[in-house]
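First comes the structure, then the notes that go with it.
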Protein chains: 2
Amino acid sequence: MKEKRNNRVSSFDVARLAGVSQSAVSRCYTPGASISEKSRAKVLKAAKELNYSPNIIARSLVQKTTRIIGVVMNRYASPFYSRVLGEFTRKIQEKGHNILLMNIHNEQGVDDILSTALQYQVDGLVITSATLSSTVVESCLQTQTPVVLFNRYSMHNEVSAVYCDGSDGGRKAAELLLPRHRRFACIKGEEGSSTSRDRSQGFIQAIEENGIRDYLCERGDFTYDSGYAAAERLLDRKDRPDAIFCVSDLMALGTMDAARHKFNLKIPEDLSVIGFDDIDMASWSSYDLTTLRQPLITMVDAAISQLFRSIENLDEGTLVRKLKTDLITRTSTRHSP
Amino acid sequence: MKEKRNNRVSSFDVARLAGVSQSAVSRCYTPGASISEKSRAKVLKAAKELNYSPNIIARSLVQKTTRIIGVVMNRYASPFYSRVLGEFTRKIQEKGHNILLMNIHNEQGVDDILSTALQYQVDGLVITSATLSSTVVESCLQTQTPVVLFNRYSMHNEVSAVYCDGSDGGRKAAELLLPRHRRFACIKGEEGSSTSRDRSQGFIQAIEENGIRDYLCERGDFTYDSGYAAAERLLDRKDRPDAIFCVSDLMALGTMDAARHKFNLKIPEDLSVIGFDDIDMASWSSYDLTTLRQPLITMVDAAISQLFRSIENLDEGTLVRKLKTDLITRTSTRHSP
DNA sequence: AGATAAATTGCATACGTATTCAAAAACTGT
DNA sequence: ACAGTTTTTGAATACGTATGCAATTTATCT
């Protein structure tokens with residue numbers, strides 16, 4: 001079976017029909033190339049007749065540029081990352097490039113995925129969900145493929161990155177809660193997650209600096225359900241917390257639902273909850289969640305412009321940009337006005 | 001500036017280092033090709049030393065297959081479509097293919113987007129958010145690019161499609177609500193949306209068949225905010241409805257929040273709300289929304305397997321699959337047990 | 001018109017791989 | 001050891017485009 005389709009029309013076909021050379025038809029599709037109006041007209045007419053359009057794969061081979069950006073993600077079921085992806089595609093398409101979307105399922109397949117991205121000769125790489133092995137970094141350097149990490153950063157600054165200061169965000173959360181609460185808790189994400197680590201560390205450090213040592217910690221995996229479950233464990237205790245910081249909004253929403261519907265607690269009277277991200281749902285009136293907003297648009301802008309600077313002028317160095325979160329106070333927390 | 005990078009290592013480089021021909025190194029990466037263990041070892045050693053891996057773009061040119069599937073979407077901020085996208089990427093990657101993600105912003109740019117997808121010589125096309133112009137259909141036929149529409153269908157069955165029976169879903173919603181309610185309303189999506197049209201028609205037809213004529217209609221755009229706003233308009237009336245069918249869950253959630261927090265209504269005592277999709281949030285305990293579940297996994301499976309059947313064996317015809325929704329009854333509606 | 005400059009054209013080649021084909025090498029059984 | 005068979009090999013070519021270059025045409029100016 002599987003007959004190869006050789007019925008694609010090539011530039012030679014339209015050249016023959018138009019009575020010009022193949023070069024001419026190519027030049028017709030190359031902005032700024034030297035071609036007379038007369039030939040252009042003939043070519044376009046023939047092209048339309050045959051329904052021709054240039055084969056980008058072949059073009060990429062000779063031009064050594066595919067106009068493809070690899071975007072590596074995982075869990076974009078998450079509202080935050082699904083908006084991030086939306087912004088990236090919008091911006092990248094605006095720049096006349098296209099997106100090879102690569103999903104990472106288990107952290108161990110990362111190298112394979114990135115290597116196939118490189119095999120597709122992508123012009124650049126956006127990575128939101130993986131730490132790069134040194135092998136991969138080396139491959140990117142060798143092939144001179146610009147890379148920008150999004151909400152990740154590498155310890156040694158050998159690759160560009162844009163991310164949010166999670167530690168500072170956690171600290172802001174603590175500072176908001178400290179005055180009016182007594183028993184603090186934190187719901188973190190997976191052990192290996194750097195974002196979870198930074199955010200919770202900032203929070204914990206700040207409350208420890210205020211002499212508080214007996215705070216509680218639970219772990220989730222950034223999902224609503226895991227937040228709900230973690231909250232159940234916390235609120236079941238007799239020394240239940242009266243303030244919970246969740247390292248993601250989704251877990252915070254789960255926490256609120258557990259508190260209200262399973263434990264019949266009033267928010268914020270009995271319990272303050274604070275999240276991280278500022279996803280759409282945080283502002284829904286059922287939740288009205290106080291949270292640390294990641295400046296999503298700014299972050300994507302920064303990542304994209306850094307990436308394209310590197311693409312257009314390869315000898316530029318790496319750049320790491322750390323942005324601050326904005327504290328968005330809503331009614332899920334008790335706090336001074 | 002913009003120096004072309006000619007430092008990529010090619011099969012010739014590793015051939016030279018390994019002391020074999022370029023053909024040999026190519027065969028090393030072609031499963032089933034005829035090559036001795038001895039040469040293979042030499043090649044792999046050299047390849048590793050030079051950190052070589054084959055250029056898929058060049059390979060695609062000769063093999064006439066890119067192993068790329070174009071996926072065309074819009075508004076994947078929406079939880080439903082972001083899960084759809086997640087499933088598609090997972091399945092497509094499992095099959096050893098990759099995804100060219102194309103976002104549609106305004107319905108008029110569709111042709112451009114699809115035509116660039118074709119220029120990239122994609123092996124197949126999944127389209128979730130656009131109706132195809134006849135020009136595009138023709139291009140796909142000419143290039144023999146398999147296409148499958150997702151939650152869209154074309155009137156003339158000339159292209160494969162997988163979608164959900166929206167009309168039947170709307171009817172089920174009506175049947176659930178009819179016994180215990182008196183004033184019905186429907187919140188639709190944009191005028192041009194076929195999914196909105198089917199779902200609302202099914203609903204309206206069913207209640208009309210029961211002799212009810214004075215139902216209300218409002219329009220949103222599938223978002224939470226638009227659902228909230230539409231509900232405000234409905235609930236502000238003195239003849240306010242006691243049952244609202246929304247053609248998407250997100251609008252239903254907005255409706256619930258408006259009812260509860262702006263109008264202080266009890267759900268379901270004062271108002272029943274029913275949605276469509278069964279997104280994650282529908283089952284959150286703050287909402288517990290009755291809804292019509294689209295069998296997302298089944299739908300994606302069907303779409304993928306149809307697509308790959310066409311890819312592997314081009315002479316297969318088109319196939320249209322219409323699936324049924326499942327009514328998921330939760331506590332946002334009054335209904336018989 | 002003629003000389004010169006400028007724009008256009010087609011030829012040939014390169015991009016990096018897969019693959020056909022004929023030649024060479026490695027086996028097989030006697 | 002030898003003819004016959006199978007496996008492996010490298011040279012040559014194709015894929016569809018862009019582009020450097022020399023040749024040709026067209027425009028410009030006196």
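Residue numbering restarts at 1 for every chain, and letters A, B, ... go by the order of the sequence lines.
- With hydrogens and angles left out, the side chain of B:Gln22 and the base of C:dA18 share a donor-acceptor pair within 3.5 Å.
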ring-ring contact (aromatic ring centres under 6.0 Å, His included) between B:Phe222 and B:Tyr81, intermediate numbers included: CA-CA 12 Å; B:Phe222 287 97; B:Tyr81 280 105; 8.6 Å; no
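- A close approach under 4.0 Å does not occur between any side-chain nitrogen or oxygen of B:Ser21 and OP1 or OP2 of D:dT9.
- Between A:Ser34 and C:dA7 there is no side-chain N or O to OP1 or OP2 distance below 4.0 Å.
- Within the 3.5 Å criterion, the main-chain N or O of B:Val320 finds no donor-acceptor partner in the side chain of B:Gln306.
- Between the CZ atom of A:Arg27 and the P atom of C:dA7 there is a distance of 15 Å, rounded to whole Å.
- The environment of CZ in A:Arg321 is sparse: at most 12 heavy-atom neighbours from other residues, nucleotides or ligands sit within 6.0 Å.
- A donor-acceptor contact closer than 3.5 angstrom is absent between the side chains of A:Thr195 and A:Asn151.
- Rounded to an integer number of Å, the gap from CD of A:Gln63 to C1' of C:dG16 is 15 Å.
- Residue contacts shown for A:Thr30 are limited to sugar-phosphate atoms, with no base heavy atom under 4.0 Å away.
- In this structure, the CD atom of B:Gln121 is 9 Å from the P atom of D:dG16, given to the nearest Å.
- At a threshold of 4.0 angstrom between heavy atoms, the contacts of A:Phe12 include nucleobase atoms, whether or not backbone atoms are also involved.
- For A:Ser10, no side-chain nitrogen or oxygen approaches OP1 or OP2 of D:dG16 to under 4.0 Å.
- Note on B:Ser36: only backbone sugar-phosphate atoms sit closer than 4.0 angstrom, heavy atoms only; bases stay farther off.
- A donor-acceptor contact under 3.5 Å links the side chain of B:Ser23 to the base of D:dA11.
- At whole-Å resolution of the value, CZ in A:Arg67 and C1' in D:dA18 are 15 Å apart.
- Across D:dG16, D:dT9, C:dT8, the shortest atom-to-atom separation from the side chain of B:Lys64 is found for D:dG16.
- A cation-pi arrangement is absent between A:Lys322 and A:Tyr153 under the rule of less than 6.0 angstrom and at most 45 degrees off the ring axis.
- Of the possible donor and acceptor atoms, one in the side chain of B:Thr128 sits under 3.5 Å from a partner among the backbone N and O of B:Val72.
- For the pair A:Glu94 and A:Lys91, the salt-bridge criterion is not met [side-chain N within less than 4.0 Å of a carboxylate O].
- One interatomic measurement links the two molecules: CG of A:Leu61 to C1' of C:dA18, which rounds to 13 Å at whole-angstrom precision.
- Near DNA chain C, defined here as any heavy-atom distance below 4.0 Å, the residues from residues 37-59 of chain A are A:Ser39, listed numerically.
- Between B:Ser26 and the phosphate of C:dT17, there is no side-chain N or O to OP1/OP2 separation shorter than 4.0 Å.
- Taking atom CD1 on A:Ile35 and atom C1' on D:dA18, their separation rounds to 13 Å, with Å as the unit.
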